[in-house]
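In this text, all values refer to a predicted model and were calculated from it rather than measured experimentally. Order of the sequence lines fixes the chain letters, A, B, ..., with proteins taken first and strands second; residue numbering starts at 1 for each chain. All values below come from the heavy atoms of this structure, side chains included, with hydrogens, waters and symmetry mates left out.
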There are 2 protein chains.
Amino acid sequence: MSPSSLDELIEALRCLPGVGPKSAQRMAYHLLQRDQRGAARLAVAMRRALEVLRHCERCNTFSEDAICPRCVNPRRDAGLLCVVEMPADLAMIEQTQSYNGLYYVLMGRVSPLDGVGPRELKLDKLLARATDGSVREVILATNFTNEGEATAHTLATLLAARGIAVSRLSRGVPVGGELEHTDIGTIAQALVERRSL
Amino acid sequence: MSPSSLDELIEALRCLPGVGPKSAQRMAYHLLQRDQRGAARLAVAMRRALEVLRHCERCNTFSEDAICPRCVNPRRDAGLLCVVEMPADLAMIEQTQSYNGLYYVLMGRVSPLDGVGPRELKLDKLLARATDGSVREVILATNFTNEGEATAHTLATLLAARGIAVSRLSRGVPVGGELEHTDIGTIAQALVERRSL
Ligand SMILES: [Zn+2]
Ligand SMILES: [Zn+2]
């Protein structure tokens, strides 16, 4: 007997990661009862993001332009390419202020259990980028989790086969830890102490 | 350096209850990267819900009509009015199949710490409904939390002053418990054993 537009909203909220039926219901009531302005703003932001965001042709991160501002910044060292899993990891490295090269954002990691292999990660795009003639070293900055390490290992093999110098963040990052939850000083240290592979 | 439409989506997601900056970021990445269809559907559902949902003039629950289908159902006993905090509580009582009266949904509870008093809860609307001549008994089915009990006490006082018979669900519901998380049998028992106030 509950209105279909309410049911549909509750059901649609479940596309959010970690949101089950009870919390979707709670969210819907909250939005309708206490924050209609927030809900309207969220609907607009979602539509706009879907419309304007794409992946930068060079670094693969979310961008409103074909090539993002960072990739065309002439003050960046184009010889260094730092590979991270997600944009949040990139943001952490930027915060260290100890890296002035460019990035490649995988938007994921090799994860056999989730059916994500080299093909799903579109590693071809990274390999093309790394061999475009401008890159002298690729720094692997995937997480030090099992999946991040497997991703780094896969990439190291593929890049070495193409004659590209590859390095990995030093293990200043705690084993099993994720960049997003690591303090900036540790990440800065790991950048300085990166080891050749 | 991250695109403004992405920042705006992350910021807008924080209107959801229990969603902080990190989980808003995770949600935005997930929607853009893995579930654009779900995000589009959510944006549409949110706009539609905001457009078409209002509060039933009689029972105050979310409704697409001025008066909801339940309130105009002639097979319901119009002499009984059960007062609950939220639509989820109404749904739980319906599931017991042991109540055939009508409802009034407060859409909240008296909560001095959150600045919600009788005025914010618009108890006038309930009092008008309870004294419209059709109601012979009001059953208070607010939660058995401190706030729910305070709400029931406030309502009992206001309704008794107007000569209306008032009852409360029996304490079959565990003290401190919430209807939404109570098993249906216990709720059915509490309905049967409701005590006059
Ligand atoms: Zn870029
Ligand atoms: Zn109604």
* Structure fact -> The single option from Glu149(A), Glu147(A), Glu85(A) that satisfies side chain to side chain donor-acceptor pair (under 3.5 Å) with Arg109(A) is Glu85(A)

Non-hydrogen atoms of chain B under 4.5 Å away: do they reach the side chain of [X], the backbone, both or neither?
X        : value
Ser4(A)  : both
Glu64(A) : both
Arg34(A) : side chain

Hey, which of [options] has the most heavy atom pairs under 4.5 Å with chain A?
options                                : result
Leu42(B), Ile10(B), Leu53(B)           : Leu42(B)
Leu6(B), Leu90(B), Leu32(B)            : Leu32(B)
Gly108(B), Ala88(B), Ala91(B)          : Ala88(B)
Leu31(B), Val44(B), Thr61(B), Val52(B) : Leu31(B)

Between [options], which has the largest tally of heavy atom pairs under 4.5 Å with chain B?
options                                : result
Glu51(A), Gln25(A), His30(A), Gln33(A) : Gln33(A)
Arg47(A), Met107(A), Arg48(A)          : Met107(A)
Pro87(A), Ala49(A), Gly38(A)           : Pro87(A)
Met86(A), Lys22(A), Glu11(A)           : Lys22(A)

* Asked: Roughly how far, to the nearest 0.5 Å, is the OH atom of Tyr99(B) from the SG atom of Cys82(B)?
  -> 5.0 Å

* What are the two closest heavy atoms between Gly79(A) and Asp77(A), and how far apart are they? -> N-OD1, 2.8 Å

* To do: Any chance you could lay out the salt bridge (Lys or Arg N to Asp or Glu O under 4.0 Å) test for Arg58(A) and Asp132(A), step after step, and finish with the verdict?
  => CA-CA 10 Å; Arg58(A) 303 203 80 202; Asp132(A) 67 4; 3.2 Å; yes

If the threshold is 4.0 Å, N to carboxylate O, is there a salt bridge linking [X] and [Y]?
X         : Y         : answer
Asp124(B) : Arg129(B) : no
Glu137(B) : Arg168(B) : no
Arg14(A)  : Asp35(B)  : no

* To do: Select one option (side chain, backbone, both, neither) describing which atoms of Gln36(B) are under 4.5 Å from chain A's heavy atoms.
  => both

* Do Asn143(B) and Thr145(B) have side-chain atoms, one donor and one acceptor, less than 3.5 Å apart? -> no

